Amino acid sequence: MSEKILLIDGHSILNRAFYGLPDLTNSEGKHTGAVYGFLNILFRTIEEEKPQYLTVAFDLKAPTFRHKMFEAYKGTRKPMPEELREQVPLIKEMLTAMGVNVVTKEGYEADDILGTLARKSEAAGMDATILSGDRDLLQLATDKVMIRLPKTVRGKTTIEDYHAQQVIEKYQVTPPQIIELKALMGDSADNIPGIPGVGEKTATKIIVEYGSIENAHEHLEELKPNRARESMREHYDMAQMSKALATICTDSPIEFSYEKAKLGNLYTKEAFLLCRQLEFKNLLNRFDSAAVQEDTLEQEFFTCADLAGCEALFAKAEAGKTAGVSLVTENGRVFGAGLALNEEEIYYIPVEGMITEGYLCGKLEGLLHKVSESNTENIMKSNTDDVKKDPENEISDVNTDGTLKYDKKCVCALDVKALLKHIKSDDPMAVFDAGVAAYLLNPLKSSYTYDDMAKEYLNGRILPAREELLGKKTVEKAWEESAEGLAAWACYMAYTALACRKPMCEALRDTGMWNVYTQIELPLIFTLDSMEKWGISVKSEELKSYGEKLSVRIGELEKQIWQQAGEEFNINSPKQMGVILFEKLGLKGGKKTKTGYSTAADILEKLAPEYPIVKDILEYRQLAKLKSTYADGLVGEIAEDGRIHSTFNQTITATGRISSTEPNLQNIPVRMELGRLIRKVFVPEEGYVFLDADYSQIELRVLAHMSGDEKLIQAYKEAQDIHRHTASEVFHVPFDEVTDLQRRNAKAVNFGIVYGISSFGLSQDLSITRKEAAEYIERYFETYPKIKGFLDGLVEEGKEKGYVTTMFGRRRPIPELKSGNFMQRSFGERVAMNSPIQGTAADIIKIAMNRVYRRLKDENLKSRLVLQVHDELLIETCKEEIPQVSAILEEEMKGAAKLSVELEVDMHQGNNWYEAK
DNA sequence: GTGGTCACG
DNA sequence: ACGTACGTGACCACA
C-alpha cells in the first residue's frame, strides 16, 4: 500500500462550513460555526482516508500570481462577511495547535499550492486526496489524485469523490480538459470571463469533439452552433486568457517538507484548550484525557477529616488573611467544603465521622461572622449616594491615590448566595463573590465556572474543569466513587475564588463598575438570600382545586376540538395542529416557521372569527398553560413549610435584571382574569398582609432622564397621563380629545422606543402598515426632539466601544454591532438602545431592594421582602407595621435614584397577591 | 437537546 | 434584500 497525503483547501472548506451550518457562537458571542464545521469535515476525512501526511493551504490576501496577470478581472467578488472573516485566524490557530502543517505562499492561491503538492506527491509514488469545495480543483484529478467535494444537502454533508475516471463519467472530458471547458464557459465566481454565448452544454460539446480550445480554433469553420463559432472567432483571445486564469499552477516554488506534513496526534493539549474556549463540547470527547496534561497547582491539596484538625483549620482561617471557601452540595445535602487559607494552603473537609453537615456549616458561618466583625468597614451597606457612573467622583472603596481598598479582609467564594443557603443568618457579611464579579465583567456568558475564571483572570491559568475531575457524575455518585476528584474540585473552587479577587476587583475598577459591584450587587446577595429563605406561602389545596377546575374545561374543549377536526390528535403538538388546520381543514395563513406552519396565538387570533375550532384551540391553549405551568407546576414547588422558595439568579441576564427559577415567580399571570386568579393562592402568614409596590413607568422615566428631553420631562412634571400626552402631541389633537385607540397606539410607540424602535416591529404590534408606523415614529421624535439624538448616540457609543452602559456604569457588551449580517447588526442596534434603559431601571430597583431590606432590618421590623418582579416589590407585612412599612417602601423606592423626573410608586394592600396588585 | 409556544416586566 | 420589537423561564413534542 502506498502512502497517502491529504491536502485541504483551507478557505474553501471554511467557507463551505460557514454557509452549510447555522451560525454558531460561543457564550461570549464569538462566531465559531465555520471552525466547528471545518473540524468535523477534517476529522471525518482523516478517519475515512487514513492519510500519513496532511497539509492545509490558505490563500493570502495579496493578489495572486494568476490573477495579477489580469488585473481587470479581479475584485468583483463579494466581501467576506465579518462572522466568517474573524474565523480565519481562528481556524489557523486551531490547526497550528493541532500540529497541522499550514502552508501559504505569497502570490499564489491555495489551488496552486494544492496542485503543486499533489503533483509532487504523485511523482514520489504517493496517493493524494484533495479536499475542497471548489470544482476547479477537478482539473487535478488523476488515477492517484482524488478530489473530494463536500456537499450540503438538506443539512447533511455528503462527499463526492473524483478520480480521473469519475470526472470523465460526470463531465465527459478528462481532468485537464476541465480547464478548456472553463476557458469557454467561464466562471463568474472566479471572475473568469469565458466567451459570450457559450454555456456548459456547448462548451462540453466543443471540447469533447476537439479536445482543446486551440484545436477548436484551428477548426473554427466547422464549429457548431453558429453562435459559438462567431463568438470564438471574435473572442478567441478572451478564451486564451480565461484558460490561463483557470489553469492551476502545479509547479509553485513552495517550501515543503514531508517531515512537517506528517500527521501526528491532533488531540494536543493546546487544541483541547482552544476547543474548550470555543465551547466545542462534542469535540472534547475526542481528546484522550490522559493526553491532556493539566496545569496542576504547584501546591498540594490537603484533606482534613478529623475534628481537631478542622477546629485548628478554622481558627487559622479566622486569624489569618482573606480566605477562599467552597461548599460541595447537591439537593440541599452538604458533602464537604474547600478552604483556601492562602493561595498555597488549600484544604478539603469532607462531611464524615465527627464532622457533620451541621458542624461544618456552623464553622463556615462562624468564619463569616468573625471575618465580618474584624472588619465592619467592609460590610457592604448600600450607600447609594456613592453609586455614580463618573469614576472621578469620590468613591467609598477607592483610596485617594486610586488604589482599591479591596484588600480588606473577607471571605471569597464563587457563589456566595449558594453558600448562604446553608447558613442560618441572613446578615450582610464581608465577602467577595467571584461569580457576581465575573458576571459584571461579562454578563453574556451562560455560566461562570472556576476554570473559565482562572483562564481569564489568572494569566491564562489552566485548571481542570468539573467534568474532567468528576466526569458526568452527580456529586453523590462522585462522593461514593471518586472522593479524590471531589476533594480536588472543592479545592480548585476555593482557590479560584480567593485568587481571582485581586484581578477581578482591579478589572471592576478599570471598567468603572466597582461601585455597581460594591454598592448594588454585593449587598443584593444578602437581600436575595433573605427573600429566598423566607419564600412565599401558597395555599396548596386551593391551587389543586383550581387545577381540577381547569381539567374539566380542558376535557370539554379537547372533545370539541377533536370533533371539529374530525379526528383525535395531540392538541399540544404544534406540528400536528398545523397539519390539521392548514392542510386538512384548509385554513389560509400558510407557512411561517422552518419546521412547518406557525400556530402561534397572534396568527390564530386573526382566524378565530371565521373558524370556531380556532377559538376553542386558543382557549384550550390558555387553560393548558395555566394548568401545566402554574397549577400543577407550582404545587410541585411547595416546600415542607408550605412556602415556595424560588431562586433569584443574579448572574443570568445581559441587562442587569435578576431572574427567578424553580419556580419562576416573575411570570405569574396577571393580564387575563382567569390566570390572575392564581394570585389568590399566594398569601401572607397569619397576622400579616401583603403590600405590593410598583414603579410607574420606570423605563420611560429613565428615558426622560437619560435623554434629557425637556418635553418629556415637562410632561412628567405636570404629572400627565404620559401615553395620552404622547398621543395628543403625535396625533395633533387636544389632550382631552385623545381617543382610546390613539392612546393605545401612543402607548405602543412608547414601548417601541424603549425596545429600540423599528417601523416593522411597531407595525406588527399595531396591525398597521410599515409606512404608518414609520410616520408615528417620526412624529414621536418631533414631539420629543432629544430622544432620537440620545438613541442614536447610544448606538454610536456601542459601535465605538463595543458596549453600552447604564446610568450607574453597568456594562453590556454588544458584539452583534460589528456583524456583517444586517439582521444581527440591527439587533445589536436595538440592544444598544434598550439595554441602558432596561439596565438602569434594573439598577434602580436593585438599589431600592437593598434600601428596603436594610431599613426593615435596621428598624427591627418583622415584615420582609419576599418577591421582586422587575418593577414591583412584594412585602409580607406585619399588620402592626403597615404604616411604617408603607412609608419605608415609598421613601426608599422613590429615593433609590435622583432623576430629573420623580420616581412614582403605586402601592396596594391585600390579603393575597391578587388583592394587593 | 432544540424549537414552538406563552406567561411576565 | 435582508426579516425584527427588549429581557426572561417553563412546558411540551419530537428528533
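Letters go in sequence order (proteins before strands), and every chain restarts at 1. Just the heavy atoms: all of them, side chains too, but no hydrogens, waters or symmetry mates, feed the values below. All figures in this text were calculated on a predicted structure; none of them were measured in a lab.
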S.K.: Expressed in whole Å, how much space separates the P atoms belonging to dC6(B) and dC2(C)?
M.R.: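 Straight-line distance between the two P atoms is 27 Å.
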
S.K.: Heavy atoms under 4.0 Å, any strand shown: does V869(A) hit a base, just sugar-phosphate, or nothing?
M.R.: sugar-phosphate

S.K.: Counting the atoms with a prime plus P, OP1 and OP2 as sugar-phosphate, which does D765(A) contact under 4.0 Å by heavy atoms, base, sugar-phosphate, or nothing?
M.R.: base

S.K.: Classify the ring geometry between Y36(A) and F280(A) as parallel (under 30°), tilted (30 to 60°) or perpendicular (over 60°).
M.R.: tilted

S.K.: So, does T599(A) use its side chain to make a donor-acceptor pair with the main chain of P574(A) at under 3.5 Å?
M.R.: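 Side chain of T599(A) to backbone of P574(A), a donor-acceptor pair under 3.5 Å: no, none is there.
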
S.K.: Verify the ring-centre separation between Y776(A) and Y780(A): is it less than 6.0 angstrom?
M.R.: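 No; Y776(A) has its ring centre 6.0 Å or more from that of Y780(A).
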
S.K.: When you measure from the side-chain N and O atoms of N664(A) to the phosphate of dA10(C), is any distance below 4.0 Å, counting only OP1 and OP2?
M.R.: no

S.K.: Between N912(A) (side chain) and F682(A) (backbone), is there a donor-acceptor pair under 3.5 Å?
M.R.: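 Judged by distance alone, no pair lies under 3.5 Å.
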
S.K.: Consider the side chain of R671(A), meaning its heavy atoms from C-beta on, and name the nucleotide among dG4(B), dG9(B), dA5(C) that approaches it most closely.
M.R.: dG9(B)

S.K.: Between S759(A) and R812(A), which has a closest nucleotide on DNA chain C that is more 5'?
M.R.: S759(A)

S.K.: For G578(A), does its backbone N or O pair with a side-chain atom of E583(A) as donor and acceptor, under 3.5 Å?
M.R.: no

S.K.: Whether the side chain of R812(A) engages the backbone of V804(A) through a donor-acceptor N/O pair (distance < 3.5 Å, no angle test) should be reported.
M.R.: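 It does not hold such a pair.
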
S.K.: Go through the side-chain N and O atoms of E772(A) and T769(A) and say whether any donor and acceptor fall under 3.5 Å apart.
M.R.: yes

S.K.: Taking the side chain of E662(A) as heavy atoms from C-beta outward, which of dC8(B), dA5(C), dA10(C) is closest to it?
M.R.: dA10(C)

S.K.: Does dC8(B) have OP1 or OP2 sitting under 4.0 Å from an N or O in the side chain of R657(A)?
M.R.: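 Looking at the OP1 and OP2 atoms of dC8(B), neither is under 4.0 Å from any side-chain N or O of R657(A).
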
S.K.: With a non-hydrogen cut-off below 4.0 angstrom, is G752(A) in contact with a base, only sugar-phosphate, or nothing?
M.R.: base

S.K.: Looking at S447(A) and T449(A), would you say the former's side chain and the latter's main chain have a donor-acceptor pair under 3.5 Å?
M.R.: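 No.
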
S.K.: Sort by first number and list every stem of DNA chain C: at least 3 consecutive Watson-Crick or G-U wobble pairs, both distances under 3.5 Å.
M.R.: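 Paired runs of 3+ in DNA chain C: B:1-9 with C:6-14.
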
S.K.: Could you tell me if Y439(A) and E521(A) have a donor-acceptor pair between their side chains, going purely by distance under 3.5 Å?
M.R.: no

S.K.: Side chain of R679(A), backbone of I668(A): donor and acceptor closer than 3.5 Å?
M.R.: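 Confirmed, R679(A) side chain pairs with I668(A) backbone.
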
S.K.: Please state the P separation for the pair dA5(C) and dT5(B) - nearest whole angstrom.
M.R.: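 It works out to 13 Å between them.
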
S.K.: Using the side-chain heavy atoms of N667(A), tell me which of these nucleotides is nearest: dT4(C), dT8(C), dA7(B).
M.R.: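 So the side chain of N667(A) is nearest to dA7(B).
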
S.K.: Pull out every residue in residues 621-631 of chain A that has a heavy atom closer than 4.0 Å to any atom of DNA chain C, ordered by number, or say none.
M.R.: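 Here the set is K625(A), S628(A), T629(A).
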
S.K.: To the nearest Å, give me how far apart CG (N649(A)) and P (dA10(C)) are.
M.R.: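 Spelled out: CG on N649(A) to P on dA10(C) is 10 Å.
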
S.K.: For dT5(B), take OP1 and OP2 only and decide whether either is under 4.0 Å from a side-chain N or O of S598(A).
M.R.: yes

S.K.: Which label fits F751(A) and Y755(A): parallel for a plane angle under 30°, tilted from 30 to 60°, or perpendicular past 60°?
M.R.: tilted

S.K.: Specify the separation, in whole Å, of atom NE2 of H870(A) and atom P of dC6(C).
M.R.: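 My rounded result for the distance is 16 Å.
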
S.K.: Check the distance between dG9(C)'s P and Q868(A)'s CD and give it to me in whole angstrom.
M.R.: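 In whole Å, dG9(C) P and Q868(A) CD are 13 Å from each other.
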
S.K.: Any donor and acceptor pair, going by atom type alone, linking the side chain of S646(A) with main-chain N or O of N664(A) inside 3.5 Å?
M.R.: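 Side chain of S646(A) to backbone of N664(A): no pair is present.
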
S.K.: Check the distance between dC12(C)'s C1' and F569(A)'s CZ and give it to me in whole angstrom.
M.R.: 15 Å

S.K.: Near DNA chain B, which residues from residues 825-838 of chain A have a heavy atom under 4.0 Å away?
M.R.: Q838(A)

S.K.: Within this structure, what is the CG-to-C1' distance between L634(A) and dC8(B), rounded to whole angstrom?
M.R.: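 Spelled out: CG on L634(A) to C1' on dC8(B) is 13 Å.
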
